[in-house]
Q: 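Mind looking over this structure? Questions follow.
Both counts, for ligands and for their atoms, begin at 1 and track the order of listing. What you are looking at is a predicted structure, and each value in this text was computed from that prediction instead of being measured.
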Amino acid sequence: MSDVTRRGLLVGATGLAAAGLGGCDLVADGPGRGGLYGASDWLTFHVQRWLLRHQPLVREFGPEAISAVFPTINTVDPDDPAYRRSKAAGFSDWRLPVTGLVARPMAFSLADLKAMPARTQITLHACEQGWSAIGQWTGVPLSQVLLAAGLKPEARFLVIRTVDGWWDTYDLFDALHPQTILAYGMNGGDLPVKHGAPVRLRVERQLGYKSLKYLASIEAVDRVDGIGQGRGSMVGELGFSWYAGI
Ligand SMILES: Nc1nc2c(c(=O)[nH]1)N[C@H]1C(S)=C(S)[C@@H](COP(=O)(O)O)O[C@H]1N2
Ligand SMILES: [Mo]
């Protein structure tokens, strides 16, 4: 399928076409930072967004490329009491609320997500802390979840929060990308707790820190500068770039 057709489907499916938004209008300014780094961040973001304007897929590998060991980093088993209870119950009570600028706020169970169209992809994960690994991820495209909830035309970003206090924001360019999935499976099995069970995000065109583990909620918003310190993400407040394109 050509990029144009694929983008047409993607945009049409989410109702953005009805809102009169073409692919280029999906280039939304994210939160910036000041000084020299701010200027180079801005340039990197806009040049990459322009180069990637046809939403190309990142490289996918064959099963033989899957890393024997996929490292884990930071949180590997959240100590949140509600999470622990849910984990003990096999995540049968887990729900993912999708709220904010959507026509139909809803909460998805794991079974709900597994009943939706699935995508499996074998991709390279690059962590900003100096390692990379190839893994296979299975999940539902985030675009499907947004289609079900009915993204409103004024929605421009998603705020995604996790049980261990991480949060990040994404423009619709990444949210609707075909390889952006809510993954519940890894390397052919259930997603392990150390890798973010029951559901983690995969945002394949950015560094590892944008692929949040232990998802707790998704909220559609029109701007991100009023959240926290206005940096658009938890790691942004620690000095990392909001846009982590590779
Ligand atoms: N909720 C949450 N998401 C997270 C993290 C985390 O500690 N907590 N670490 C991030 C970082 S820096 C990376 S590289 C990847 C690591 O995923 P892995 O532990 O499955 O390798 O998850 C990202 N998402
Ligand atoms: Mo990372």
Q: I'd like to know if the side chain of Trp242 pairs up with that of Thr169 as donor and acceptor (distance under 3.5 Å, no hydrogens or angles considered).
A: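 Side-chain D/A pair, Trp242 to Thr169: present.
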
Q: So, Gln136 versus Gln121: side-chain donor-acceptor pair below 3.5 Å or not?
A: no

Q: Is the shortest side-chain N to carboxylate O distance from Arg84 to Asp79 below 4.0 Å?
A: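 Between Asp79 and Arg84 there is no salt bridge, as every charged N stays at least 4.0 Å from the carboxylate O atoms.
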
Q: Near ligand 1, which protein residues have a heavy atom under 4.0 Å away?
A: Phe70, Pro71, Thr72, Ile73, Asn74, Thr75, His125, Cys127, Glu128, Trp131, Thr162, Asp164, Trp166, Lys194, His195, Arg200, Gly208, Tyr209, Ser211, Leu212, Lys213, Tyr214

Q: Scan for side-chain hydrogen bond (donor to acceptor under 3.5 Å, both in side chains) pairs involving residues 87-107, sequence neighbours excluded, and state none if there are none.
A: Asp77-Lys87, Ser86-Asp93

Q: For Asp41 and Ser241, test the side chains for any donor-to-acceptor distance below 3.5 angstrom and give the result as yes or no.
A: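 Judged by distance alone, the side chains do pair up.
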
Q: Is the Trp137 ring parallel, tilted or perpendicular to the His195 ring (thresholds 30°, 60°)?
A: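 It falls in the perpendicular class, over 60°.
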
